[in-house]
Amino acid sequence: MNAISIILSALAGYLIGSISFARIVIHLFGPTSQVQDINLAVPDSEARFHSDSVSATTVNVHLGPRYGCLTSLLDMGKVGLPALLLWIIFPGTPYYLIFLALGTLGHNWPIYYGFKGGKGMSTILPGMILVDWLGLVVSLSISLLVGWIRKESYVWNRLTILLMIPWVWIRHQSWELLGYVVAVNVMYQVASIPETKEMSRLRKEGQLDDFLRTPTLLVEDEQQSSVKEQESFIGMLRSLISKKPPRTEKSDPEL
């Protein structure tokens, strides 16, 4: 391991991570080339949720799950595939971890778009797979169960990567792996501050339960001149459990 390789891994990770596939997909397939903020409302309620994050969730809300999944896969591939190559070509070195960490930094604060990006889940997941895929499966399973019990859809992604911290240390006792997992957790939490504030506002207004437990959400455009209905995360789970076909497209404000 040498300083030049570390710098190149970090620079490549940040610049590649800064590519915003959400913007590209919206430009290619959206009704307009402009990225709109996420504005969600609960039917028959005053609860409103706003996010200006630019991510696969943004695409999912405005264009539907097909393009949302496409965006997520592209975001995962942009950091996951180069990191895999580094892991294979330079075994026993942390170059792939450096690339992954800076890839998430670029995704969240992209230099090409005024440092306005997503929260990093799509770039964190491939890193967690390379670090310890079994830990990711266990953490994700626990998080989904907790989210379902508490009826809080935003729990699963935050808790999943948070649980990876003790898992990685107990299983591997590697400072390099621990450093990566802690770093991406910090980046995710910092990037999620605006939405955390929105959740806190809803809680203070007594509307958080309505927002988290509604089976459907209304998606409003920026001028509130157009409204469409989408199934929420909880609504999707209920549909799957009851084996009924989903009513509309899925919308999850926290991906």
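The chain is numbered in sequence order, starting from 1.
With hydrophobic clusters built from ILVMFWY side chains whose heavy atoms lie under 4.5 angstrom apart, Trp133 shares a cluster with Leu177. Phe90 and Leu84 fall within a single hydrophobic cluster, where Ile, Leu, Val, Met, Phe, Trp and Tyr side chains are chained together by heavy-atom contacts under 4.5 Å. No continuous path of hydrophobic side-chain contacts links Ile7 to Tyr14 [ILVMFWY only; heavy atoms under 4.5 Å]. Tracing side-chain contacts under 4.5 Å through hydrophobic residues (I, L, V, M, F, W, Y), one never reaches Val182 starting from Ile170; they form parts of separate clusters. One hydrophobic cluster, built from ILVMFWY side chains closer than 4.5 Å, cannot hold both Val79 and Leu81; they sit in different ones.
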Give the intermediate values and the outcome of side chain to side chain contact (heavy atoms under 4.5 Å, CB included) for residues Ile165 and Leu178. CA-CA 7 Å; Ile165 295 177; Leu178 182 65; 3.9 Å; yes

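Within the 4.5 Å cutoff, the side chain of Val190 has heavy atoms near those of the Trp109 side chain. For the pair Leu102/Leu105, a side-chain contact is recorded, criterion being any heavy-atom separation below 4.5 Å from C-beta on. At a threshold of 4.5 Å between non-hydrogen side-chain atoms, the residues Asn39 and Arg48 do not count as touching. The closest side-chain heavy-atom distance from Tyr95 to Ile89 is not below 4.5 Å. Between Thr123 and Leu100, every side-chain heavy-atom pair lies at or beyond the 4.5 Å cut-off. Inter-residue side-chain proximity for Val131 and Leu97 is flagged as met; some heavy-atom pair is nearer than 4.5 Å. Contact check for Met164 versus Val184: no side-chain heavy atoms found under the 4.5 Å cut-off.
Within the 3.5 Å criterion, the main-chain N or O of Leu136 finds no donor-acceptor partner in the side chain of Ser139. Between the side chain of Lys119 and the main chain of Tyr188, no donor-acceptor pair closer than 3.5 Å is present. Within the 3.5 Å criterion, the main-chain N or O of Gln36 finds a donor-acceptor partner in the side chain of His62. In terms of modelled atom types and a separation under 3.5 Å, the side chain of Ser72 and the main chain of Gly68 share no donor-acceptor contact.
Summarising the geometry, atom CG belonging to Leu63 is positioned 7.5 Å from atom OG1 belonging to Thr71; distances are rounded to the nearest 0.5 Å. The structure places CZ of Phe49 at 7.5 Å from CG of Leu202, a figure rounded to the nearest 0.5 Å. Put simply, CG on Leu11 and CZ on Phe99 are 10.5 Å apart, with the number rounded to the nearest 0.5 Å. Distance CE/Met128 to OG1/Thr160: 9.0 Å, rounded to 0.5 Å. Atoms OG and CG, from Ser122 and Leu73 in turn, are 8.5 Å apart once rounded to the nearest 0.5 Å. Considering OH of Tyr67 and CD1 of Ile26, their distance stands at 12.0 Å, rounded to 0.5 Å.
Taking both residues in full, the closest heavy atoms of Tyr96 and Ala83 are given as CB-O, 3.4 Å, listed atom of the first, atom of the second, then distance. Of all heavy-atom pairs between Leu15 and Ile111, the closest is CD2-CG2, 4.4 Å. The nearest pair of heavy atoms linking Met76 to Pro126 is O-CG, 3.7 Å. Between Ser192 and Arg158, the closest heavy-atom pair is CB-NH2, 3.4 Å. Pairing each heavy atom of Tyr112 with each of Ile19, the nearest pair is CE1-N, 3.9 Å. Nearest heavy-atom pair, Pro91 versus Ile88, reported as atom, atom and distance to 0.1 Å: CD-O, 3.5 Å.
The number of heavy-atom neighbours closer than 6.0 Å to CZ of Arg201, taken from other residues, nucleotides and ligands shown, is above 12. Atom NE2 of His50 has more than 12 heavy atoms from other residues, nucleotides or ligands within 6.0 Å. Open room surrounds CD1 on Ile4; 12 or fewer heavy atoms of other groups in view lie less than 6.0 Å from it.
Note on ring orientation: taking the six-membered ring where Trp is involved, the planes of Trp175 and Trp169 are tilted (angle from 30° to 60°).
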